[in-house]
Amino acid sequence: MHGPPSDVHPVLRRASAPPAALDLLAQAQHGLDEAVSHQTPNERYAAAHLAALRTAAAVLAVRGRPETTPRRRARIRSAWEVLPEAAPELTEWSALFASGARRRARAEAGIAGAATWRDADDLVREAGVFLRLVERMLVHQPALPQPRVAPVDEPQPRAG
């Protein structure tokens, strides 16, 4: 019989992100999936922005550090303010989503015209790219060994 030895099992590397961060990333993906099904631009925009916020929260769950001084602890700061400190490579993303926070609040409040369809669709796309980027940053993909022989269901070359 030609095939991989039955006693060899691939060893998966653990994901580098803690379960809480992985859960936030899953919630963000669910939020994006839900956003595209919304029937108004306000709902779509708000859901996409919330997905981006959950993505940022995942980064902060992994890289965030508690404030060290009482004065800084007393001041409430948004995730978009804290994110560049924890992950400087995400500064531009933080600025992008921070600039949409007021629009999200208006959209959630149901203010007519707070977001257009274009605003909402652009934000869904941007939040999706942000999520993929953060997933690559935080989660290592399992390393499986490559098969040394063709799988059983593939035809084997005939000898002579």
Using the rule that Ile, Leu, Val, Met, Phe, Trp and Tyr join whenever any side-chain heavy atoms are under 4.5 Å apart, tell me whether [X] and [Y] fall into a single cluster.
{"X": "L32", "Y": "V134", "answer": "yes"}
{"X": "L133", "Y": "L131", "answer": "yes"}
{"X": "V139", "Y": "F130", "answer": "yes"}

Exercise. How would you list, by chain and number, every residue that makes a side chain to side chain contact (heavy atoms under 4.5 Å, CB included) with A86, sequence neighbours excluded?
Worked result: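 With sequence neighbours excluded, A86 shows a side chain to side chain contact (heavy atoms under 4.5 Å, CB included) to L60, R63, given in chain and number order.
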
For this session: Can you run down the side-chain hydrogen bond (donor to acceptor under 3.5 Å, both in side chains) pairs that involve residues 46-59, sequence neighbours left out, and say none if there aren't any?
Result: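 side-chain hydrogen bond (donor to acceptor under 3.5 Å, both in side chains) check on residues 46-59 returns Q27-R54.
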
Can you name the closest pair of heavy atoms from [X] and [Y] and give their distance?
{"X": "L53", "Y": "A79", "value": "CD1-CB, 3.7 Å"}
{"X": "A127", "Y": "A48", "value": "CB-O, 3.7 Å"}
{"X": "A107", "Y": "N42", "value": "CB-O, 3.5 Å"}
{"X": "A47", "Y": "A35", "value": "CB-CB, 3.6 Å"}
{"X": "G100", "Y": "Y45", "value": "CA-OH, 3.3 Å"}

For this session: Ignoring hydrogens and angles, tell me if any N or O in the side chain of Q39 forms a donor-acceptor pair with the backbone of S37 under 3.5 Å.
Result: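 Here the side-chain-to-backbone pair exists.
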
Problem set entry | Which residues share a side-chain hydrogen bond (donor to acceptor under 3.5 Å, both in side chains) with E43, sequence neighbours left out |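 Here the qualifying residues are T40.
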
Exercise. Who pairs with D121 by side-chain hydrogen bond (donor to acceptor under 3.5 Å, both in side chains), at least two apart in sequence or on another chain?
Worked result: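 Counting only residues at least two positions away or on another chain, D121 forms a side-chain hydrogen bond (donor to acceptor under 3.5 Å, both in side chains) with R44.
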
Exercise. According to the salt bridge (charged side-chain N to carboxylate O under 4.0 Å, His left out) rule, which pairs have a member within residues 100-115, sequence neighbours left out?
Worked result: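 Every pair satisfying salt bridge (charged side-chain N to carboxylate O under 4.0 Å, His left out) with a residue in residues 100-115: R103-D119, R104-E108.
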
Exercise. In Å and rounded to the nearest 0.5 Å, what is the CG to CZ distance from D122 to R125?
Worked result: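 D122 atom CG to R125 atom CZ measures 4.5 Å (nearest 0.5 Å).
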
For this session: Would you sort out whether V129 and R132 count as a side chain to side chain contact (heavy atoms under 4.5 Å, CB included), showing the intermediate values?
Result: CA-CA 5 Å; V129 171; R132 297 297 160 262; 5.9 Å; no

Please tabulate, for side-chain N and O atoms in residues 90-98, each donor-acceptor pair with protein atoms closer than 3.5 Å (sequence neighbours left out).
{"residue": "T91", "atom": "OG1", "partner": "P88", "partner atom": "O", "Å": "2.7"}
{"residue": "S94", "atom": "OG", "partner": "W80", "partner atom": "O", "Å": "2.3"}

